[in-house]
Protein chains: 4
Amino acid sequence: MEKQDLSEFRKDQILQAATAVFARLGFHKARMDDIAQEAGLSKGAVYWYFKSKDEIITTILDRFMDRELENIQRISQGDGPIPVRLMKMMKTLAKEIEEISDRMPIIYEFYAIAAREEAIRKTIHRYFGKYTTLLQELIQTGIERGELRDVPPHEAALSLVAQMEGCKLIWILGVFDHPEVDLEKLFISSMNFMLEGLILEV
Amino acid sequence: MEKQDLSEFRKDQILQAATAVFARLGFHKARMDDIAQEAGLSKGAVYWYFKSKDEIITTILDRFMDRELENIQRISQGDGPIPVRLMKMMKTLAKEIEEISDRMPIIYEFYAIAAREEAIRKTIHRYFGKYTTLLQELIQTGIERGELRDVPPHEAALSLVAQMEGCKLIWILGVFDHPEVDLEKLFISSMNFMLEGLILEV
Amino acid sequence: MEKQDLSEFRKDQILQAATAVFARLGFHKARMDDIAQEAGLSKGAVYWYFKSKDEIITTILDRFMDRELENIQRISQGDGPIPVRLMKMMKTLAKEIEEISDRMPIIYEFYAIAAREEAIRKTIHRYFGKYTTLLQELIQTGIERGELRDVPPHEAALSLVAQMEGCKLIWILGVFDHPEVDLEKLFISSMNFMLEGLILEV
Amino acid sequence: MEKQDLSEFRKDQILQAATAVFARLGFHKARMDDIAQEAGLSKGAVYWYFKSKDEIITTILDRFMDRELENIQRISQGDGPIPVRLMKMMKTLAKEIEEISDRMPIIYEFYAIAAREEAIRKTIHRYFGKYTTLLQELIQTGIERGELRDVPPHEAALSLVAQMEGCKLIWILGVFDHPEVDLEKLFISSMNFMLEGLILEV
DNA sequence: AATGAATGAGTGTTCATTCAT
DNA sequence: GATGAATGAACACTCATTCAT
């Protein structure tokens with residue numbers, strides 16, 4: 001393996017191990033020793049590739065957010081009517097999130113830290129910003145195409161982002177005790193309500 | 001002051017101080033000394049009233065959730081049409097949340113811990129459970145009164161809870177850079193979308 | 001009750017409680033709270049009668065040693081032949097020690113501290129000094145009466161003291177696993193050996 | 001130095017330092033910092049080799065007892081008449097004990113703890129058990145050879161153990177104020193009395 | 001590159017002691 | 001006399017980080 005490749009390989013190895021340990025123990029209780037052990041490396045090796053525990057955490061967040069954005073970008077492509085595309089997005093997203101469900105809880109550690117850590121906050125803002133912009137464009141298109149009502153696109157996008165974040169939250173917390181409710185159903189029904197409204201049409 | 005009263009007073013004093021310190025520094029970085037100092041007491045006094053840092057954290061969550069539930073219960077009372085009442089709820093809730101905005105970030109610490117701590121998780125589940133039930137009843141009523149479409153009440157309630165949690169989340173994270181968007185607007189517009197739908201009526 | 005009497009009563013009450021707690025937990029692990037609780041008093045009350053934990057410890061040792069010396073003095077009285085009186089002493093002593101067996105282990109805490117604490121050491125020296133003197137006198141008498149060989153009385157006394165202390169030690173430590181061996185037997189057989197010697201008389 | 005060797009070397013280094021500190025200050029007053037400093041290491045290094053203060057204490061006792069037993073075993077070898085060999089033992093033992101006199105007081109800390117700590121008690125029992133057995137065998141041999149009276153060997157062994165423990169105790173406590181009395185004299189004269197008896201032969 | 005021994009600052013918790021009531 | 005709330009010094013132990021090899 002090339003030098004560069006090995007370095008990248010090791011970093012991934014460590015990041016993956018760290019993510020697993022963080023998910024299991026939380027940022028604070030997870031020791032560098034735990035991470036090293038999980039990665040099958042020595043503590044010194046971990047420090048060879050990352051300056052500090054914080055750098056590992058920051059890097060995990062960065063990569064996580066990058067991946068999420070790529071996912072959304074990818075699955076928001078398409079050419080059907082906007083409402084249909086939004087519904088499709090929900091389905092795909094749900095599947096992808098469910099696949100990494102065991103690593104999801106650490107996202108709330110990031111949110112918790114965000115209030116105090118500029119770097120973390122920046123990354124999160126960037127993520128939500130792009131996320132919102134993307135949805136806003138979809139909505140704008142939908143309005144222009146006459147597929148959606150003439151709503152303020154930014155507000156609508158924010159509401160959609162909020163809706164999805166909320167769904168993820170209560171799903172991860174395992175809030176609902178109806179086992180038949182999985183994340184996809186939650187996403188779908190939520191999007192349905194958003195699209196069609198609850199109020200009786202007169 | 002009576003013995004009992006003093007004890008309650010001190011506990012409140014400590015809890016309030018701890019909440020402030022936790023919001024500022026996070027659970028981990030907050031030292032018992034910080035809490036004691038913020039409360040104007042000695043560390044020993046803090047330990048006279050609470051067995052451990054964990055007990056303080058747990059108690060804060062318990063009381064916080066109790067208060068939130070009381071709030072929601074209170075402001076969900078009323079007798080206008082359900083959609084109107086829901087909109088009113090949003091306004092009142094937004095105001096109340098904005099008042100305690102500085103203490104809100106710690107809620108994500110709780111969510112982060114919930115994955116690992118049974119006790120924390122239980123409290124959070126109880127909170128969301130009651131919250132959902134309450135909204136579900138409102139929706140049920142709305143349907144019966146012919147004010148809302150005939151949607152599955154539980155699913156609708158979950159979506160509403162998710163919507164509101166999501167709004168709180170992105171608001172606390174300071175996600176949107178449009179300063180004119182406050183929590184109330186976010187709540188209101190989200191509820192509007194939920195109620196009326198995005199899709200063009202044919 | 002008279003003022004003076006109450007004070008003495010309380011002191012005894014505390015000392016007794018402290019002794020029990022110390023025997024159970026050791027000097028260090030025993031907290032003033034434990035002592036107070038065992039005495040059925042408040043911590044403040046304990047401090048009303050004793051300046052400090054150390055004073056309690058010191059006082060316990062003082063009284064313990066006084067009592068032991070009184071015992072020995074009393075049971076060394078008599079008028080039979082010295083060997084007989086020594087054997088009788090062993091029996092009585094054994095009985096008395098067995099009665100307070102649960103409180104005996106703390107004596108080794110005292111011995112352990114003695115190396116570092118002048119006050120404790122003094123008390124212990126005084127105790128052993130009187131103890132030795134008393135035995136020395138008995139032995140002297142025995143020699144003069146022609147009941148014992150013409151041995152150096154001081155050395156013999158020291159050996160007897162050592163013998164008895166050693167018996168107490170291995171008995172308290174529960175060293176021997178022959179359950180039929182109680183302290184009395186140990187004392188008796190030891191004294192027998194001392195008196196008659198192991199070596200075959202030619 | 002090999003890895004294994006360094007580890008053993010460090011452990012010895014720490015144990016030796018700890019023993020010195022414990023002898024000076026007692027188990028409780030001795031801080032881990034003191035031990036680290038005495039060993040010329042950092043506190044972290046001490047914890048690298050020992051899990052806890054307790055483990056250090058336990059290990060010290062184990063090694064101490066092992067060494068004592070080896071000593072006794074070694075010096076009980078020989079082929080003269082048993083009484084002579086016993087006297088020789090006393091002399092050698094006295095010399096060896098006097099060499100480590102500064103570390104002896106901690107033995108009473110162990111005895112004090114033994115009442116409460118299973119592990120400590122076990123080690124002490126094992127020590128006294130082997131000690132007694134060894135003496136018992138000597139005595140048995142002595143009886144068979146016609147060098148000692150026909151006494152119950154186990155009882156006699158216990159008495160001898162008690163005698164020696166008692167001598168050590170009063171010597172360590174510095175009980176006697178006759179400076180000409182050293183441990184050897186005490187051992188010798190005690191053994192003499194045991195062997196020859198105090199009572200006048202008729 | 002990688003190891004793991006070594007460092008030492010940091011902190012939750014305990015508890016003897018004090019003191020207002 | 002007695003209470004128990006309050007104090008604060010003390011300490012065992014942890015763990016991120018460093019560095020010699």
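Every value quoted in this text rests on a predicted model; they were computed, and no experiment measured them. In what follows, every chain begins at residue 1, and chains take the letters A, B, ... in the order their sequences are listed.
The CD1-C1' distance, from D:I35 to F:dA12, rounds to 11 Å in whole Å. When rounded to the nearest whole Å, the span between CD1 of A:I14 and C1' of E:dA1 equals 11 Å. Here E:dA9 presents its P atom at 10 Å from CG of D:D33, a figure rounded to the nearest Å. The interatomic distance linking D:Y47 (OH) with F:dA16 (P) rounds to 17 Å, in whole Å. Here E:dA2 presents its C1' atom at 15 Å from CZ of A:F9, a figure rounded to the nearest Å. If you measure from atom NE2 of A:H28 to atom P of F:dC15, you get 7 Å, rounded to the nearest angstrom. What separates CG of A:L25 from P of F:dT14 is a distance of 15 Å, to the nearest Å. What separates CE of C:M32 from C1' of F:dT3 is a distance of 15 Å, to the nearest Å.
For the residue pair B:L173 and A:H125, the shortest heavy atom distance occurs at O-NE2, 2.6 Å. Closest approach of B:R63 to B:E8, counting heavy atoms only: NH2-OE1, 3.6 Å. Between A:F64 and A:M104, the shortest heavy-atom distance links the atoms CZ-SD, 3.8 Å.
When heavy atoms are screened at a 4.0 angstrom cut-off, C:F50 is found touching no nucleic acid atom at all. Backbone-only contact: B:S52 has heavy atoms under 4.0 Å from sugar-phosphate atoms and none from a base. At the heavy-atom level, D:A36 lies nowhere under 4.0 Å from the strands shown.
With both pairing distances under 3.5 Å, E:dA20 is matched to F:dT3 as a Watson-Crick or G-U wobble pair. As the counterpart of E:dG8, F:dC15 is assigned, both hydrogen-bonding distances of the Watson-Crick or G-U wobble pattern falling under 3.5 Å.
Between D:S42 and B:R31, the one whose closest nucleotide on DNA chain E sits nearer the 5' end is D:S42. Across the interface with DNA chain F, nearest-nucleotide mapping of A:F27 and D:K53 shows D:K53 to be the residue nearer the 5′ end. Nearer to the 5' terminus of DNA chain E, by closest-nucleotide assignment, is the contact made by A:A45 (compared with the other of C:K29 and A:A45). Residue order along DNA chain F, read from the 5' end via each residue's closest nucleotide, puts B:Y49 first among B:Y49 and D:G44.
Note on D:W48: a side-chain N or O is less than 4.0 Å away from OP1 or OP2 of E:dA5.
Using a 4.5 Å heavy-atom cutoff, the side chains of D:D62 and D:R126 are in contact.
For E:dT13, its base sits under 3.5 Å from the side chain of B:K43 at one donor and acceptor pair at least.
Nearest nucleotide to the C:L41 side chain, out of F:dT3, E:dA2, E:dA6: F:dT3.
A salt bridge links D:R121 and D:E118; the closest N-O separation between the charged side-chain nitrogens and carboxylate oxygens is under 4.0 Å.
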